[in-house]
Number of protein chains: 2
Amino acid sequence: MKDILFDFISKYVSLTEEEKNAILSLDIFRTVKKGTILLKEGQKSQEAYFVLKGCIRKYYIIDGEEKTTAFYTEMEALTPHCVTSKTPSEYNISCIEDTILTVSNSDMEVEINGKFPKFETLCRMLSEESLAKQQIDFDMFKTSSPEQRYLNLLHKRPDLIQRVPQHQLASYLGIKPQSLSRLRARILEKNS
Amino acid sequence: MKDILFDFISKYVSLTEEEKNAILSLDIFRTVKKGTILLKEGQKSQEAYFVLKGCIRKYYIIDGEEKTTAFYTEMEALTPHCVTSKTPSEYNISCIEDTILTVSNSDMEVEINGKFPKFETLCRMLSEESLAKQQIDFDMFKTSSPEQRYLNLLHKRPDLIQRVPQHQLASYLGIKPQSLSRLRARILEKNS
DNA sequence: AGCACTCGTTCACTTAAGTTAAGAAATACG
DNA sequence: CGTATTTCTTAACTTAAGTGAACGAGTGCT
């Protein structure tokens, strides 16, 4: 478990044994069951997550309907907006599978960033990297149709299509479940 | 000009005179005319931008058509994807208005981050902040219709609707210029 | 085993966006 | 100043997504 984390970190900065121990002493690993809700709308939270194994999902409830806007799988990090803004959360986070993740809170980060400047570099790099990734994703989304988005997802994250229920995928693609069904039928039609 | 920059930075970290001079010595301010192209598709670049006054726009050319995916106005920063990925740029950046901006390159950042850890903190904070903002924007985009997106933009960034040509706004909203025209007519209809 | 519930699909119908084309208005430029 | 070009709007038609409803398959629970 810790090896997965340290292997990942080693891609960005190299940690000494002392630094590794500092992280381990924080006791950040947690195992959660499928269906667990990590964060509820309206709640305040200081927790940031990093998925080691499994999948968590971010969703809003708008007019009584669940709108899923993101999935986080292996090696993906999520700092909910409410952590930085210190306001109640606008959305929910739940586990779609049994999941192993790290949970850190802002105090811990401030403390460890103070002690080891290397962590600040790590945070900056991770945050810059996800920002860049996020921007490309957003651009792709804006410039393509639902059908192209689906095909693109099929290409880029085929695992998601297997592990996630259709109606959650649909809102992730910005459409209704019925439209996703239809769209898939349309694609099959074409390729025959 | 430099005051605008330092006022902005002071919201995040407080700089000593020495640090301010270190920044000024880099000679990063630049004034560019409307229409200037800062970055072209296919080009490699190490330059990051921060808009002090004016407006720049990011756009792709897909099937011969311009697709505008972002606008950056006063106090907004843009590090093009190609800078971090070190690959040729997928998109173009041009100035919609006469613009004053700072231009920094990665070497300068590495150098100054090394000398003054405070800059690393600043970069981390700015990057975390835009990531958070970006995520909320993306969520809003996914969960709303073109009409809602337009109304939302009218509410959140009314200035953009004034300063930006309609056809650029249209692709920013993920639709065609004709649809934006129609959609606006529809809204006027309703409110009468 | 039986029941309720969720999930995915299909259908008929409505609504809105894409497409193609044309023309008016604004702007750029020699 | 007049012409070319770009920008915006409108219209008719096509295509695809939204809506509401129904159905069967699968799931969980008792």
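Chain A is the first sequence line, chain B the second, and so forth, proteins listed ahead of strands; every chain is numbered from 1.
Between A:Ser181 and C:dG8 there is no side-chain polar atom (N or O) within less than 4.0 angstrom of OP1 or OP2. B:His167 has no side-chain polar atom (N or O) that falls below the 4.0 Å cut-off from OP1 or OP2 of D:dT6. OP1 or OP2 of D:dC8 has not a single side-chain nitrogen or oxygen of B:Arg184 nearer than 4.0 Å.
Judged by a 6.0 Å distance limit and a 45° cone about the ring axis, A:Lys2 is not positioned over the six-membered ring of A:Phe6.
Atom CD of A:Gln178 and atom C1' of D:dG18 are 8 Å apart (whole Å). If you take CD of B:Gln166 and C1' of C:dA26, they are 13 Å apart, rounded to a whole angstrom. Atom CD1 in A:Ile175 sits about 14 Å away from atom C1' in D:dT19, given to the nearest Å. Rounding to whole angstrom units, CG of residue A:Leu183 and P of C:dT10 are separated by 13 Å. To the nearest angstrom, C1' of C:dC11 lies 15 Å from CZ of A:Arg186. Between the NZ atom of B:Lys67 and the C1' atom of C:dG18 there is a distance of 10 Å, given to the nearest Å. Computed from coordinates, the A:Glu66 CD to C:dC5 C1' distance equals 15 Å when rounded to whole Å. Protein atom NZ of A:Lys176 is 17 Å distant from nucleotide atom C1' of C:dC13, rounded to whole Å.
Remark: the A:Tyr91 side chain and the B:Asp139 side chain contain no N/O donor-acceptor pair separated by less than 3.5 Å.
Comparing A:Glu65 and B:Pro165, the nucleotide of DNA chain D nearest to each residue sits closer to the 5' end for B:Pro165.
Under the 30°/60° scheme for interplanar angles, the aromatic rings of A:Phe50 and A:Phe8 are found to be tilted.
B:Arg182 comes within contact range of at least one nucleobase, with a heavy-atom separation under 4.0 Å.
The main-chain N or O of A:Glu97 is found under 3.5 Å from a side-chain atom of A:Thr99 such that the two form a donor-acceptor pair.
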